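Protein chains get the first letters and strands the later ones, always in sequence-line order, with residue 1 at the start of each. Because the structure is predicted, anything quoted here is derived from the model rather than measured.
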Amino acid sequence: MHRVLNVAEKNDAAKSLARLLSKNSASMREGFSRFNKIYEFNYQLFNQPVQMIFTSVSGHIMNCDFMAAHKNWAQTDPVILFDATVQKKVTDRALDIEKTIKREVVKCRTLIIWTDCDREGENIGYEVINLCRPLKANLKIYRARFSEITFNSATRALANLVQPDERVSAAVDVRQELDLRIGAAFTRFQTLRLQRLFGFDSKQVISYGSCQFPTLGFIVERYLQRENFISEPFWKIAVEHQTEAGEFCEFTWERNRLFEHQPCLMIYDMIMDEPLAKVMDVKSKNKSKWRPVALDTVEMEKLASRKLRMTGKKTMEIAEKLYMKGLISYPRTETNIFPTEINLQPLVQNQANDQRWGAFAQRVLNDGPQPRNGKNTDKAHPPIHPTRYPDGQLTDDENKLYELIVRHFLACVSKDAQGDETTIKISIANENFNASGLIIREKNYLDVYVYDKWSEKELPHYELNQTFYPTKIEMAQGETTAPQLLTESDLIALMEKHGIGTDATHAEHIAKIQDRLYTKMNSERRFEPEKLGLGLCEGYDKMGHALSKPHLRAELENQLKAICEGRANPADVLREQIDKYRQVFIATSVQIQKLDDSMTKYFGPPGQNPPPPPPPRPPPSGPFGDPPQTSRNNNNQSARPQQPRPPPPARPLQQEQIRPTNSTGVPKCNCDADAKELTVKKDGPNKGRSFFRCGNNDNCNFFAWKDDVTPSNAGGGQRQFGDNQANSLRKRQQSDNDDDVKPRKCGLCKQTGHTRRNCPSLNL
DNA sequence: GCAAGGTC
């Protein structure tokens with residue numbers, strides 16, 4: 001009988017595939033590796049009986065590295081590493097696996113590759129093929145393509161065997177070689193230089209990597225955005241109403257906020273002239289809050305970070321343990337679609353006796369589990385889900401993560417929450433304000449998914465066209481606030497978005513840049529760069545090669561895709577990329593002073609060992625404060641941040657309306673003379689308020705309130721009144737300030753020929 | 001002593 005060697009990416013897959021295809025009749029024996037067993041059974045393949053031998057690797061069994069001659073850091077000029085010979089060979093820890101495969105393949109006529117159907121899987125397949133081909137003449141080689149490990153999928157793969165895809169594998173070879181050459185060259189160069197100049201410990205590696213550096217870059221970029229942030233004031237109008245029954249309702253302005261004080265004040269004045277609110281629209285509609293989509297690795301890490309305060313790395317370690325105990329499915333997956341082959345019923349049933357969520361699981365069983373699926377599939381693994389109920393003790397962390405996975409799973413297969421949303425639109429003096437309320441009808445998934453909140457808000461009843469006087473109309477000042485530092489969840493999302501790392505590795509990159517002392521998680525669990533991270537990013541950014549930005553990696557990713565799809569030749573891509581990075585490397589070594597200067601800012605001048613204490617906290621004058629004096633470098637400018645603090649964005653409207661003033665705070669009028677300060681004498685809300693007019697020309701229409709041209713006084717006003725007071729307030733005179741001015745002018749812009757109602761300045 | 005990618 002012919003023998004067929006089948007090799008999967010890991011033992012677990014080999015075991016499951018053998019079990020499914022043999023209908024549970026496979027026998028197991030040991031190989032050389034204690035983790036990778038051999039499973040055997042008879043099968044009908046190509047219309048003839050064969051003996052199937054299933055075994056596995058453990059991911060990659062080979063690694064790409066330099067030859068011994070180039071492994072010595074001190075004796076190798078790093079630039080050579082762009083051209084030095086590299087070789088791929090079996091790693092020490094995979095020697096046992098190699099031995100098993102070599103022993104088994106010589107007994108077989110056919111080799112079938114069952115590695116994961118992604119790019120790395122194809123490459124791992126070729127590692128196996130390259131091991132086997134020299135040992136057996138006329139070995140027939142096939143690739144099994146399967147989207148999940150189920151009977152149907154595996155049977156279909158065997159009935160439709162294809163050839164392995166050399167292009168896909170070649171793309172991975174290109175990536176491996178580039179990552180190695182670039183990583184090693186920059187790491188050795190900067191480590192040796194910074195150790196020598198700034199006295200870092202000889203054991204402290206200052207690494208560069210095409211994933212770790214952009215990850216650090218995200219953190220530094222956000223940090224600098226915060227440091228350089230300039231807050232801008234804004235103004236808004238808030239309306240509140242308390243009904244006679246005592247019910248309370250807050251309305252928000254449809255314009256949200258304005259960045260200029262004057263126009264906001266004009267509108268506010270207009271509203272205060274006629275503060276009668278009219279209900280323009282009352283809408284009520286069903287609103288659903290969607291249950292979560294099936295769980296993939298990225299989402300699990302983000303959730304665990306936000307809800308369990310667990311780092312991505314920790315989460316993956318614990319998930320791995322749960323997986324090894326058979327409690328959850330494979331935790332490294334990009335798939336958030338449940339394959340139709342998976343029977344969800346028994347998986348829900350497993351949870352039905354739990355005290356915490358058993359009753360909910362029972363409800364799901366009664367309705368029939370209906371997963372909410374996302375849009376991604378890696379064609380290798382299902383979404384993360386519980387596979388059985390624990391029968392023994394779990395650690396605290398294991399319990400927490402298992403609970404998260406179960407609750408997410410049950411939520412995903414249950415029903416969306418249902419509610420009724422009411423929105424009320426009112427208009428006051430042609431300005432619109434909205435209020436919205438929510439009543440939850442059915443909590444559904446929210447009953448089990450304790451991580452989501454949906455807050456109810458009840459509104460008073462309003463009738464269409466009803467009018468009322470608000471209890472409070474307030475013009476409030478606020479200011480824009482700086483963006484927050486990144487959480488781990490933010491960081492993972494950014495990496496995902498820019499294609500930095502894979503679902504299996506981003507937690508490792510985040511851990512690595514902390515190990516390297518480039519960044520740390522602060523007490524609020526947000527990432528702030530350390531001096532070393534800031535110095536490195538700033539230095540490289542000044543050189544202008546965007547090494548700390550994600551674009552280079554994204555560009556490589558596009559080229560790899562082109563290789564996979566046959567649009568690009570792997571050798572060409574490799575050569576181009578190596579040439580490009582060699583150039584970047586050379587340019588970097590020419591401009592390395594820029595890195596030294598940035599490092600000097602944080603670690604003091606070079607040549608001192610050990611490094612001096614850090615400079616004092618930067619003064620508020622700039623993002624970094626003034627650089628310390630360097631003994632070697634007289635040109636302090638070079639150590640300054642290259643980007644000066646940007647001026648606040650110009651706001652032309654504001655400049656027209658809030659006039660520049662002279663040293664005593666008096667503005668120029670329209671005929672360019674110093675304006676004249678007057679005070680409102682007439683009784684009314686503005687009595688006693690100072691304003692400016694042209695001092696010498698009746699035809700000059702200039703007017704400005706004094707508190708509008710005095711920056712320290714630019715805040716908003718606040719007025720409160722009850723319904724009974726409204727009449728007196730809305731009768732504010734538009735000519736309060738026009739004591740001695742004829743003819744009457746617009747109360748807003750002080751021009752003649754129109755009134756507040758049709759003032760052109762309201763066309764904001 | 002270096003990267004990133006698999007996996008135990």
Side-chain angles (χ1 to χ4, degrees), chain A residues 8-15 33-37 56-66 70-76 78 80-82 84 86 88 90-91 93-94 96-97 115-128 169 171-192 194-195 200-215 297 316-317 319-321 323-325 330-333 378 380-381 495 499-509 511-513 515-516 547 552-553 556-557 560 581 585:
Chain A
E9 190 157 319
K10 55 190 160 291
N11 182 65
D12 190 68
K15 184 178 169 184
S33 155
R34 51 188 275 253
F35 299 112
N36 305 83
K37 316 287 186 192
S56 56
V57 289
S58 290
H60 285 286
I61 54 173
M62 293 183 169
N63 194 27
C64 182
D65 208 351
F66 299 108
H70 291 126
K71 288 191 179 170
N72 185 310
W73 288 34
Q75 288 161 21
T76 309
I80 291 174
L81 299 178
F82 288 99
V86 293
K88 240 182 135 172
V90 177
T91 57
R93 45 189 291 286
D96 286 341
I97 294 171
T115 47
D116 293 355
C117 292
D118 52 23
R119 211 155 70 190
E120 296 295 329
E122 209 65 22
N123 189 266
I124 294 167
Y126 268 89
E127 291 177 4
V128 174
S169 174
V172 173
D173 284 334
V174 169
R175 176 196 63 70
Q176 285 176 348
E177 199 178 318
L178 278 169
D179 283 341
L180 174 67
R181 292 186 189 280
I182 299 163
F186 278 92
T187 298
R188 291 187 193 184
F189 175 65
Q190 72 185 19
T191 299
L192 293 176
L194 298 180
Q195 280 178 359
F200 290 105
D201 189 275
S202 64
K203 287 194 180 67
Q204 184 177 349
V205 172
I206 303 171
S207 58
Y208 174 86
S210 56
C211 288
Q212 51 178 273
F213 232 58
T215 306
T297 304
M316 292 310 289
E317 279 167 19
E320 188 66 43
K321 286 187 184 142
Y323 169 64
M324 294 306 289
K325 292 182 179 178
Y330 188 65
R332 283 181 280 272
T333 175
D378 58 19
H381 310 285
M495 295 172 77
I500 304 299
T502 68
D503 56 328
T505 61
H506 36 227
E508 288 170 32
H509 297 311
K512 179 158 273 174
I513 56 178
D515 290 347
R516 297 283 193 231
L547 288 173
L552 288 168
R553 182 78 193 181
L556 173 61
E557 195 57 36
L560 296 181
Y581 275 96
F585 183 84

TODO: By nearest nucleotide on DNA chain B, pick out whichever of A/T187 and A/G59 is the more 5' one.
DONE: A/T187
Task: side chain to side chain contact (heavy atoms under 4.5 Å, CB included) against A/K512, all qualifying residues, sequence neighbours excluded - done: A/Q212, A/R516
- [ ] Check side chain to side chain contact (heavy atoms under 4.5 Å, CB included) between A/E557 and all other residues, then give those that pass, not counting sequence neighbours.
- [x] A/R119, A/L560
TODO: Step by step, work out the side chain to side chain contact (heavy atoms under 4.5 Å, CB included) result for A/D116 and A/K10.
DONE: CA-CA 9 Å; A/D116 293 355; A/K10 55 190 160 291; 3.7 Å; yes
Open item on the list: Could you tell me the boundaries of the chain A footprint on DNA chain B, defined by atoms under 4.0 Å from its heavy atoms?
Closed with: B/dG1 to B/dC8
TODO: Classify the nucleic acid contact of A/R34 as base, sugar-phosphate or nothing, counting any heavy atom under 4.0 Å across all strands shown.
DONE: nothing
Task: Exceeds 12 heavy-atom contacts within 6.0 angstrom, atom NZ of A/K321 - done: no
Open item on the list: Over all strands shown, is A/E320 touching base, sugar-phosphate only, or nothing at heavy-atom distances under 4.0 angstrom?
Closed with: sugar-phosphate
TODO: Answer with base, sugar-phosphate or nothing: what part of the nucleic acid does A/F186 contact at a heavy-atom distance below 4.0 Å?
DONE: nothing
Open item on the list: Quick check against the 3.5 Å criterion: does A/E127 have a side-chain atom that pairs as donor or acceptor with the backbone of A/M62?
Closed with: yes
Open item on the list: For a quick check of understanding: with a heavy-atom distance under 4.0 Å over all strands, which category does A/S58 fall into, base, sugar-phosphate or nothing?
Closed with: base
Open item on the list: Just to be sure I understand the rule, does A/Q212 reach a base, reach only the sugar-phosphate, or reach nothing, if contact means heavy atoms closer than 4.0 Å?
Closed with: sugar-phosphate
Open item on the list: Could you go through A/E177 and A/K88, starting from their C-alpha distance and side-chain angles, then the distance that decides it, and tell me whether this counts as side chain to side chain contact (heavy atoms under 4.5 Å, CB included)?
Closed with: CA-CA 9 Å; A/E177 199 178 318; A/K88 240 182 135 172; over 6 Å; no
TODO: Classify the nucleic acid contact of A/F213 as base, sugar-phosphate or nothing, counting any heavy atom under 4.0 Å across all strands shown.
DONE: nothing
Open item on the list: Base, sugar-phosphate or nothing for A/N123? Non-hydrogen atoms, less than 4.0 Å.
Closed with: nothing
- [ ] Would you kindly compare A/M62 and A/D12 by the position of their nearest DNA chain B nucleotide and give the one closer to the 5′ end?
- [x] A/M62
TODO: Name the nucleic acid region contacted by A/S33, choosing base, sugar-phosphate or nothing; use a 4.0 angstrom heavy-atom cut-off, strictly under.
DONE: base
Open item on the list: Need one value for A/D118: base, sugar-phosphate or nothing, where a base atom within 4.0 Å counts as base even if backbone is also close, heavy atoms only.
Closed with: nothing
- [ ] Have a look at A/K321 and say if it touches a base, only the backbone sugar-phosphate, or nothing, with a 4.0 Å heavy-atom cut-off.
- [x] nothing
TODO: Report which part of the nucleic acid A/R332 touches: base, sugar-phosphate, or nothing (heavy-atom distance under 4.0 Å, all strands).
DONE: base
Open item on the list: Considering every strand and a 4.0 Å limit on heavy-atom distances, what is the contact class for A/G121: base, sugar-phosphate, or nothing?
Closed with: nothing
- [ ] Have a look at A/N36 and say if it touches a base, only the backbone sugar-phosphate, or nothing, with a 4.0 Å heavy-atom cut-off.
- [x] base
TODO: Check every strand shown and say whether A/T115 touches a base, only sugar-phosphate, or nothing at a heavy-atom separation below 4.0 Å.
DONE: nothing
Open item on the list: Is it true that, when you exclude A/K15 itself, more than 12 heavy atoms of the residues, nucleotides or ligands shown sit nearer than 6.0 Å to its NZ?
Closed with: no
